[in-house]
Number of protein chains: 2
Amino acid sequence: MTQTYTIKEVAERFDLTISTIHYYDKQGLLPFVAKNEAGYRVFTQSDLNFIHTICCLKNTGMPIKDIRHYITLCMQGTSTIEKRKLLLLAHKEKIARQQQQLRENMQEVDFKIDRYSSVAVKEEVAGEIAFVTQEKKALGLPSPFRQ
Amino acid sequence: MTQTYTIKEVAERFDLTISTIHYYDKQGLLPFVAKNEAGYRVFTQSDLNFIHTICCLKNTGMPIKDIRHYITLCMQGTSTIEKRKLLLLAHKEKIARQQQQLRENMQEVDFKIDRYSSVAVKEEVAGEIAFVTQEKKALGLPSPFRQ
DNA sequence: ATAAACCCTAAACCTAGGTTTATAGCAACG
DNA sequence: CGTTGCTATAAACCTAGGTTTAGGGTTTAT
């Protein structure tokens, strides 16, 4: 017999809550999930494949309405293949920009950590405080430190 | 004379809106920004340095309350250097996990794009649809395609 | 056959991170 | 000196992405 999964099993497998799956269904992300006579959702293996894709898009910051658009295209058969590809290519660009952004900011954080790891860090930070204070003073403004 | 900047200039430089700067100030992210006699914010060069750091932390997903904590530590002088360093090290780990997550999911997206770029894509997708439909049918469930 | 565990929907609620609106005080230009 | 533009605060409003609650069926284990 073909295996099926309950909503609880799916939630555990993808580290989602049952509520989140309900929410995704209501948002039109799970049109492929069927229900049994009792009205319970019945998840098949291919449903899990779709949900894996949904999580992948979600984890890379795609908004729910765009994921819905992608899934809707998938449900429309082979005629939408080119559209799906373009949608994913555009998303790939977005991911690449996120990666670039993270790389740049990671460098800044690393730079600060390095500074905080220097043997002369106390002197350096004290010097910075002195500079800021002097800059403010020259303008007749109060120092922001030790409030 | 030491240069200063208006809120508008700061907003433009960091690609924020004036409202966002007001909001950040209200959230305690800008305790270092002084005001002139008229109550206008006066931004110095070192204020811009702090704001640069704030944007860097924000762009890597640090929540506002954590940024506020970091800034508060900065305002308390050299005694908090170790705490600041630990805070940034923890954040660096979070960035690294985000990078790992993006890398993995990017691979999946690439894999899908490759599939959609195959010469036999139409046959492959049709086969997938057939498989899903058969799997559902075996369970007495309807096919989700072409709704 | 009944308690415990599980599933359903609908609707209210929540949080983060802003944005908008209303009202009013300065500033700079012609 | 008035008009236009910039700035301020407070408070209401907004959006995304869920979460919680309420009320009610279903399934499973004892």
Side-chain angles (χ1 to χ4, degrees), chain A residues 1 4-44 47 51 54-71 91 94 98 101 105 139-141, chain B residues 4-44 47 51 53-71 91 94 98 101 105 139-141:
Chain A
M1 195 56 187
T4 62
Y5 306 86
T6 66
I7 194 170
K8 192 188 184 196
E9 289 165 344
V10 174
E12 280 164 4
R13 172 171 309 206
F14 290 101
D15 200 22
L16 301 169
T17 68
I18 292 177
S19 294
T20 299
I21 297 177
H22 283 155
Y23 172 72
Y24 285 177
D25 198 3
K26 196 144 70 173
Q27 293 304 308
L29 265 48
L30 314 177
F32 45 82
V33 177
K35 294 184 182 173
N36 66 19
E37 322 73 45
Y40 285 22
R41 289 174 183 81
V42 177
F43 295 84
T44 63
D47 291 344
I51 292 172
I54 289 169
C55 289
C56 173
L57 297 176
K58 184 197 65 154
N59 290 336
T60 48
M62 185 183 284
I64 281 183
K65 70 169 172 23
D66 293 5
I67 301 179
R68 176 173 51 222
H69 183 203
Y70 177 75
I71 294 292
H91 187 55
K94 268 186 57 179
Q98 285 183 69
Q101 168 96 290
N105 290 307
L139 294 158
L141 302 172
Chain B
T4 63
Y5 306 85
T6 66
I7 194 170
K8 191 187 184 193
E9 289 164 343
V10 175
E12 280 163 3
R13 170 170 310 206
F14 290 100
D15 199 24
L16 301 169
T17 68
I18 292 177
S19 295
T20 299
I21 297 176
H22 282 156
Y23 171 70
Y24 285 177
D25 199 2
K26 197 145 68 174
Q27 294 304 309
L29 264 50
L30 313 177
F32 44 83
V33 176
K35 293 183 183 174
N36 65 18
E37 323 73 46
Y40 286 22
R41 289 174 184 81
V42 176
F43 295 83
T44 64
D47 291 344
I51 292 172
T53 300
I54 289 169
C55 289
C56 174
L57 296 176
K58 185 196 65 151
N59 290 336
T60 48
M62 185 182 284
I64 282 184
K65 72 168 171 26
D66 293 6
I67 302 179
R68 175 173 51 221
H69 184 203
Y70 177 74
I71 294 293
H91 187 55
K94 267 186 57 178
Q98 286 183 69
Q101 167 95 291
N105 290 306
L139 294 159
L141 302 172

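The figures here come from the full heavy-atom set of this structure, side chains too, leaving out hydrogens, waters and symmetry mates. All chains are named by letter (A, B, ...) in the order of the sequence lines, taking the proteins before the strands, and each is independently numbered beginning at 1. In this text the structure is predicted, and so the values were computed from the model without any measurement.
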For B:Lys94 against B:Pro63, the heavy-atom pair lying closest together: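 Shortest heavy-atom separation between B:Lys94 and B:Pro63 comes out as NZ-CD, 4.0 Å.
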query: Which atoms form the tightest heavy-atom contact between B:Glu9 and B:Thr4, and what is the distance?
result: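 Smallest interatomic distance, heavy atoms only, reads OE1-O, 4.1 Å.
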Test log, rule side-chain contact (heavy atoms from CB on, under 4.5 Å), inputs A:Ile71 and A:Phe32: CA-CA 9 Å; A:Ile71 294 292; A:Phe32 45 82; 4.2 Å; yes
task: List the steps and the verdict of side-chain contact (heavy atoms from CB on, under 4.5 Å) for B:Phe14 and B:Ile21.
output: CA-CA 10 Å; B:Phe14 290 100; B:Ile21 297 176; over 6 Å; no
Provide, to the nearest angstrom, the distance between the [atom1] atom belonging to [X] and the [atom2] atom belonging to [N].
| X | N | atom1 | atom2 | value |
| --- | --- | --- | --- | --- |
| B:Leu30 | D:dT9 | CG | C1' | 15 Å |
| A:Leu57 | D:dG17 | CG | C1' | 16 Å |
| A:Lys35 | C:dC8 | NZ | C1' | 7 Å |
| B:Leu29 | C:dA16 | CG | P | 14 Å |

- request: Within residues 5-17 of chain A, find the residues that approach DNA chain C with a heavy atom at under 4.0 Å, and present them sorted by residue number.
  value: A:Thr6, A:Ile7, A:Lys8
- line: Here the residues of residues 59-68 of chain B within 4.0 Å heavy-atom distance, strictly under, of DNA chain D are none
message: Under 4.0 Å, heavy atom to any atom of DNA chain D: which of residues 18-27 of chain A qualify?
response: A:Ser19, A:Thr20, A:Tyr23, A:Tyr24
- prompt: Checking A:Asp66 side chain against A:Met62 main chain: does a donor-acceptor pair fall under 3.5 Å?
  reply: no
task: Give a yes or no answer on whether the side chain of A:Gln98 reaches the backbone of A:Thr60 with a donor-acceptor pair at less than 3.5 Å.
output: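 Between the backbone of A:Thr60 and the side chain of A:Gln98 there is a qualifying donor-acceptor contact (under 3.5 Å).
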Do the side chains of [Y] and [X] get nearer than 4.5 Å, heavy atoms only?
| X | Y | value |
| --- | --- | --- |
| A:Tyr70 | A:Ile54 | no |
| B:Val33 | B:Tyr24 | no |
| A:Lys58 | A:Leu16 | yes |

Could you list all N or O pairs between the protein and nucleotides 26-29 of chain D that sit under 3.5 Å apart?
unit_1: D:dT26; atom_1: O4'; unit_2: A:Tyr40; atom_2: OH; d: 3.0

field: Residue pairs, two or more places apart or on separate chains, that pass salt bridge (Lys or Arg N to Asp or Glu O under 4.0 Å) and touch residues 11-21 of chain B
entry: none
Please tabulate, for the side chains in residues 34-43 of chain B, all donor-acceptor contacts under 3.5 angstrom to protein atoms that are two or more places apart in sequence or on a different chain.
unit_1: B:Asn36; atom_1: OD1; unit_2: B:Ala38; atom_2: N; d: 2.9
unit_1: B:Asn36; atom_1: OD1; unit_2: B:Gly39; atom_2: N; d: 3.1
unit_1: B:Asn36; atom_1: OD1; unit_2: B:Tyr40; atom_2: N; d: 2.9
unit_1: B:Arg41; atom_1: NE; unit_2: B:Asp25; atom_2: OD2; d: 2.7
unit_1: B:Arg41; atom_1: NH1; unit_2: B:His22; atom_2: NE2; d: 3.4
unit_1: B:Arg41; atom_1: NH2; unit_2: B:Asp25; atom_2: OD2; d: 3.2

message: With a 4.0 Å cutoff (strictly under), does any side-chain N or O of B:Arg41 reach OP1 or OP2 of D:dT7?
response: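 Result: no.
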message: Pairing check on D:dG2: which nucleotide meets the Watson-Crick or G-U wobble criteria with it, both distances under 3.5 Å?
response: C:dC29
- prompt: Can you tell me how far the SG atom of A:Cys56 sits from the CD1 atom of A:Ile51, to the nearest 0.5 Å?
  reply: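 One gets 14.0 Å once the value is rounded to the nearest 0.5 Å.
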task: Could you point out which residue of B:Leu29, B:Thr17, B:Ile64 forms a side chain to side chain contact (heavy atoms under 4.5 Å, CB included) with B:Tyr23?
output: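 Exactly one option meets the side chain to side chain contact (heavy atoms under 4.5 Å, CB included) with B:Tyr23, and it is B:Ile64.
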